[in-house]
Q: 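I am attaching a structure below and will ask some questions about it afterwards.
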Protein chains: 2
Amino acid sequence: MPESDTMVSSLIELKRTDGEGLVAQLTRQLRNLIATGRLGKGRVLPSSRRLASDLGVSRNTVTYAFEQLAAEGYLAASHGRRPVVTTDGHERIERGAMAAGERAGKPRLSSWATKLQRADWPMSYRGQFKPLRPGVGDFREFPNEVWARYLRRSAVHAGRRELGPINRLGLREALAHYLASSRGVRATADQIMILPSAQAALTLIAATLISPGDTVWVEDPGYPGATAAFRASGALLTGIRLDEQGMQRMPGLPAPRLIFMTPSHQHPTGRLMSLARRTGFLGASRPGRTWIVEDDYDGEFHYDSRPVPALQGLDAHGRVFYVGTFSKAMRSDIRLGYLVAPKALVGTLEIAQQHMGLIGASHVQDALADFITDGHFLAHLRRLRRLYHARRDHLVAELERHLGGTLSIEVPPGGIQLVVRLKRGRADRAVAKRLVAAGVETRALSSLAVDRPCDHGLLLGFAAWRESEISAAVRTMASCF
Amino acid sequence: MPESDTMVSSLIELKRTDGEGLVAQLTRQLRNLIATGRLGKGRVLPSSRRLASDLGVSRNTVTYAFEQLAAEGYLAASHGRRPVVTTDGHERIERGAMAAGERAGKPRLSSWATKLQRADWPMSYRGQFKPLRPGVGDFREFPNEVWARYLRRSAVHAGRRELGPINRLGLREALAHYLASSRGVRATADQIMILPSAQAALTLIAATLISPGDTVWVEDPGYPGATAAFRASGALLTGIRLDEQGMQRMPGLPAPRLIFMTPSHQHPTGRLMSLARRTGFLGASRPGRTWIVEDDYDGEFHYDSRPVPALQGLDAHGRVFYVGTFSKAMRSDIRLGYLVAPKALVGTLEIAQQHMGLIGASHVQDALADFITDGHFLAHLRRLRRLYHARRDHLVAELERHLGGTLSIEVPPGGIQLVVRLKRGRADRAVAKRLVAAGVETRALSSLAVDRPCDHGLLLGFAAWRESEISAAVRTMASCF
């Protein structure tokens, strides 16, 4: 018996009690021996008969292992000959490469990814979800049982669905109807794209329309997700001042490529943009030159008057994108938002949508279409509207009672959050930090500034919290000030 | 009665039988009158008492409508005074802007979107899904009932899930285990990102790592989705020739920024890349300088030997991305794919993932984790493997029988599609066009060429079609040649 043959079998240890079959064990161990260089290139292995006998296994076991390793390129095996190792151990190659890798340092990123690193979105709240985190709705109120039935029914009736369009027609139609009647959005179903989030819509628009150096106007202070999306695409941002009517017209500035705005409830102040301001921005934006992106992130929630129709509905020339989401009104983990796109861009955006993979699961889209059509969505919204209205009023009353001397409150006509300003010149970031340690999550207003320092204050969410939780949070805040 | 007051009420027509309430009807009609300019800026409206009397409605109805329009900015209304129209009709503004719009022509797109327009992905198969469309699995075999139960259960037990990570831990762990044992992928759960599709993974990688002018190597002929993703990001593509072992090493060329490959079953030829070739590419790619993207789009399906482990498992230095999808093994409308990322890039990619909105619904991720853990996924795969194996053999036998003189068949060791070459110099695009009209969908091989013309042939799918459907399709093909 040649020495080399003895050695191979002595390097292998098969366990019959192992969950892994004998062929799999043998293949794996031989592969490792080759990969680590212990069986080097050119090494002739024992015949399958010999190795089977040495290991006390059937000859087929060894034959299968050899065939597998030959298929993987580790061995050359031809009928009647003993197999030969055909490769050097890759681990040794790896070791050589390691030194180079250690010298390589940080990976070089694209300009887009580099800019994202510096952005203030997504926010990294640390640890637990705490009252009064802004920007969220109350998922505890969501009728999970009803929704689960719709999901199940939709999944069972899968049929040939997967061959249909990625933006499901039923949901597009249900949304077109809902948006027309509730928000005054004027769109046909084919203009509606179903995306995994509202942020996805902003990134899709930025990727499709923004070239490096393009000018984009945003509200100042504004929504950091939009700031990040446009800046990462290479846009030069101009922060536009707000007054009581929202974003101010800036007649002196040359027309930008895109204007991002939240006219229903300005983020973060909650202010409503006046009609005059809306028509002014529309009149000044030339179709095909200046696009307007209207983010109606919480437009479902109005308390002091009937909802103001969307800006999109005033536009007759396809220059307004309308962005919305189900994450405030349903659950955020449904992962469905939507974009109403100008007709001229629908085809382009659908190709881009497929490339980015911004596609919601069909069965969820179909379930949601039925959930809306059967009236559950509007019923849930009505319920939330009552709840959130009461919670807004409760938060305002509690703040006035406990912190009226310290904070001035801007009461928004709707939405899910409000801004309070610090009456004395406190540093809001330090305050927010102290509050989160005490159990109250807020967002420092000054962190939402774009071009110029803004007032110091806090953004507080009221929609996701029960009145008792709101009271407790305000008491905590009072003890911190 | 002043004339103007008479006129306002005469312009309004309220229907008590309408589903829309009286306040809503009145508000809408007044808004339209202002918006269209029929009630111009400065126009004084009748008092609420007068208008209510003229219209035969309660005074509250008119008061509510006025308040709403005041909130929207159409009217100035103060207590005890008659309301005044405060805005010009936006429709007139719109009309002025129209002329500008008509001159503006086609919208200017970003460089990314412009390049996508020219790409050959997504394929636009016209009309119905027909045999032998390549690239798809058989969704008719999927256990919809079982899956629907998992979805329902997961949706009911929503709890506080939505506050968890977007890449669900349970699914990451189930996938890490499955990929290690079945595909030899070496990764911890936190390296796994759950995305809506495999294409999303390619776009995410391209957006994060590719800067305009970077070199990317792709297989030639290759996968058009990858070609499109990297080209759109500004990469300069080099198509690398294939031989029997797959992509050839090109020692003379300077190292690229990224290499895209499909080593398990090269797309489209189905060839298996040899181990020597794999270690060669790994050895030549310096960590942090040259990335390798391994697309294992149908790596679950092997028929002639045990599956060859993934290239990713040979890499000890985090230079390989591994991309996979559930769309071939489950249903494509589940919209879940995954990316195993090098550890050094996980944090960066997760930020980019959130910006793009590449997030799968949590309840679907959780349901899938349980579906895998309970053994349904592997059981379904085993069943599909037997089915697809038989279908591959059946397609090969039918092609040899009916078209053996016209086509030469390359039998792949696994996967869901195969390539046939046209023996006489026919134009494959014309052939594919004729076939689709006759009811057989194929893809012309020459349409997958990157840098140089390749053989003329057809890419045929076998996985999604029953043997009777395959037989019928081959008979149709025979009648067309």
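Just so you know, these numbers use all the heavy atoms, side chains as well, and skip hydrogens, waters and symmetry mates. A note on names: the letters A, B, ... follow the listed sequences, proteins ahead of strands, and every chain is numbered from 1.
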Q: I'd like to verify something: which residue of A:V308, A:T114, A:T27, A:L345 has the highest number of heavy-atom pairs under 4.5 Å with chain B?
A: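 Most heavy-atom pairs under 4.5 Å with chain B: A:V308.
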
Q: What's the separation between atom CZ in B:R152 and atom CZ in A:R149, rounded to the nearest 0.5 Å?
A: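 The CZ atom of B:R152 sits 8.5 Å away from the CZ atom of A:R149.
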
Q: So do the side chains of B:R31 and A:P309 get within less than 4.5 Å of each other, counting heavy atoms only?
A: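 Yes; the side chains approach each other to less than 4.5 Å.
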
Q: Select, from A:V146, A:V23, A:I359, A:I351, the one with the greatest count of heavy-atom pairs under 4.5 Å involving chain B.
A: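 The candidate making the most pairs under 4.5 Å is A:I359.
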
Q: With a 4.5 angstrom heavy-atom cut-off, which part of A:Q354 approaches chain B: side chain, backbone, both or neither?
A: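 For A:Q354, the contact with chain B is made by backbone and side chain together.
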
Q: Closer than 3.5 angstrom, by distance alone: can the side chain of B:S110 be matched with the main-chain N or O of A:A207 as a donor-acceptor pair?
A: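 Here the side-chain-to-backbone pair exists.
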
Q: Taking C-beta and beyond as the side chain, do B:R331 and A:S362 meet within less than 4.5 Å on heavy atoms?
A: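 No, side chains not in contact.
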
Q: Under a 4.5 Å heavy-atom cut-off, does chain B meet the side chain of A:D304, its backbone, both or neither?
A: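 Contact with chain B: none, neither part.
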
Q: Considering only heavy atoms, which portion of A:L349 lies under 4.5 Å from any heavy atom of chain B: side chain, backbone, both, or neither?
A: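 Neither part, no heavy atoms under 4.5 Å.
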
Q: Flag the one option from B:L336, B:I210, B:T208, B:L151 with the top tally of heavy-atom pairs under 4.5 Å to chain A.
A: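 Of B:L336, B:I210, B:T208, B:L151, B:T208 has the most heavy-atom pairs under 4.5 Å with chain A.
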
Q: Regarding B:D333 and A:R168, does a basic nitrogen lie under 4.0 Å from an acidic carboxylate oxygen?
A: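 A:R168 and B:D333: not salt-bridged.
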
Q: Judged by atom type as modelled, is there a donor-acceptor pair below 3.5 Å linking the side chain of B:S197 to the main-chain atoms of A:G357?
A: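 Flag not set: sc B:S197 to bb A:G357 has no pair under 3.5 Å.
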
Q: Looking at CG of A:L69 and CG of B:L275, how far apart are the two atoms once the value is rounded to the nearest 0.5 Å?
A: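 Here the rounded value is 9.5 Å.
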
Q: At a 4.5 Å cut-off on heavy atoms, which part of A:R257 comes close to chain B: side chain, backbone, both, or neither?
A: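 Interface part for A:R257: side chain.
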
Q: Find out whether B:R108 and A:D214 are in side-chain contact, i.e. whether some heavy atom of one side chain is under 4.5 Å from a heavy atom of the other.
A: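 SC-SC contact between B:R108 and A:D214 confirmed.
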
Q: Using heavy-atom distances under 4.5 Å, tell me whether A:L209 contacts chain B through its side chain, its backbone, both, or neither.
A: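 Looking at A:L209, backbone and side chain both touch chain B.
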
Q: Do the side chains of A:L116 and B:T348 get nearer than 4.5 Å, heavy atoms only?
A: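 Of all side-chain heavy-atom pairs linking A:L116 with B:T348, none is under 4.5 Å.
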
